Amino acid sequence: DQQVKQNSPSLSVQEGRISILNCDYTNSMFDYFLWYKKYPAEGPTFLISISSIKDKNEDGRFTVFLNKSAKHLSLHIVPSQPGDSAVYFCAASVGSNAGNMLTFGGGTRLMVKP
Amino acid sequence: DAMVIQNPRYQVTQFGKPVTLSCSQTLNHNVMYWYQQKSSQAPKLLFHYYDKDFNNEADTPDNFQSRRPNTSFCFLDIRSPGLGDAAMYLCATGERGGETQYFGPGTRLLVL
């Protein structure tokens, strides 16, 4: 039973346009959500997070939106750059403590075309 | 630079031959994790250590064991690798109360 799902395995976007990556979850106990970025042959690197007390968190070109009622979050990248091409994983946990377990989605491969 | 290091990056073993993967960290984090990631799937947590306390996920096979001799090092032992154990193995660290986990580059295991 996948508690965190990324239904789009891949996404292709033109450089300069917006990339929107989506993530759905089923466990209503999740209250902390993260996005990780993964390049080939490297481990995932933390990108941005959001607590369930917020509905938006912004960091430069990256914004995460959380819709608790729909159990849905999305990552917006504006403007998209070729260097953003990577696999993006969303993850969720109960509590924001790093000692808490992360449940990952299956990832979305983003390709930004020059 | 503070980091999470995994050795080797690529490991080839034979069916049934024990293999050990290693992870070290310079972040001095008290939590260390091992994940298994198969192709195009989500990373799956195998177990984690909070300091020396070992926590096994319920569905982690007995074939997988772990050791954490000190804060800096953590090992993943696969006692009798099967073909289905071929995967990327990711080590991560975190600080209780911290925001996120920090991942190493992974070890890709191939079982022949």
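Note that the structure is a prediction, hence the values are computed from the model and not measured. Order of the sequence lines sets the chain letters (A, B, ...), proteins ahead of strands, with each chain counted from 1.
In terms of hydrophobic clustering, with Ile, Leu, Val, Met, Phe, Trp and Tyr side chains grouped at heavy-atom distances under 4.5 Å, A:L75 and A:L11 are assigned to a common cluster. The hydrophobic cluster containing A:I20 does not contain A:I77, counting ILVMFWY residues as joined when their side-chain heavy atoms lie under 4.5 angstrom apart, directly or transitively. Criterion: ILVMFWY side-chain heavy atoms under 4.5 Å apart, direct or through other members. Under it, A:F33 and A:L21 are part of a common hydrophobic cluster. Residues B:V19 and B:M88 fall into different hydrophobic clusters, defined by Ile, Leu, Val, Met, Phe, Trp and Tyr side chains chained together at heavy-atom separations under 4.5 Å. B:V31 and B:Y89 are assigned to two separate hydrophobic clusters, defined by single-linkage of ILVMFWY side chains at heavy-atom distances under 4.5 Å.
Atom CG of B:D62 is surrounded by 12 or fewer heavy atoms from other residues, nucleotides or ligands within 6.0 Å. The environment of A:R17 atom CZ is sparse: at most 12 non-hydrogen atoms of other residues, nucleotides or ligands sit within 6.0 angstrom.
Here the OH atom belonging to B:Y33 is positioned 6.5 Å from the CG atom belonging to A:L102, to the nearest 0.5 angstrom. Atom CD1 of A:I48 is separated from atom OG1 of B:T100 by 12.0 Å, given to the nearest 0.5 angstrom.
The closest side-chain heavy-atom distance from B:L90 to A:P44 is below 4.5 Å.
Interface check for chain B: of the options A:G107, A:A91, A:P9, A:G106, the most heavy-atom pairs under 4.5 Å are formed by A:G106.
In this structure, the ring of B:F103 has its center less than 6.0 angstrom from the ring center of A:Y36.
Contacts between B:R108 and chain A at a heavy-atom distance below 4.5 Å are absent for every atom of the residue. Contact of B:Y35 with chain A is made through the side chain alone, with heavy-atom distances under 4.5 Å.
Across B:A42 and A:G105, no two heavy atoms sit closer than the pair CB-O, 3.0 Å. Minimum heavy-atom separation, A:K38 to B:Q37: CE-OE1, 3.9 Å.
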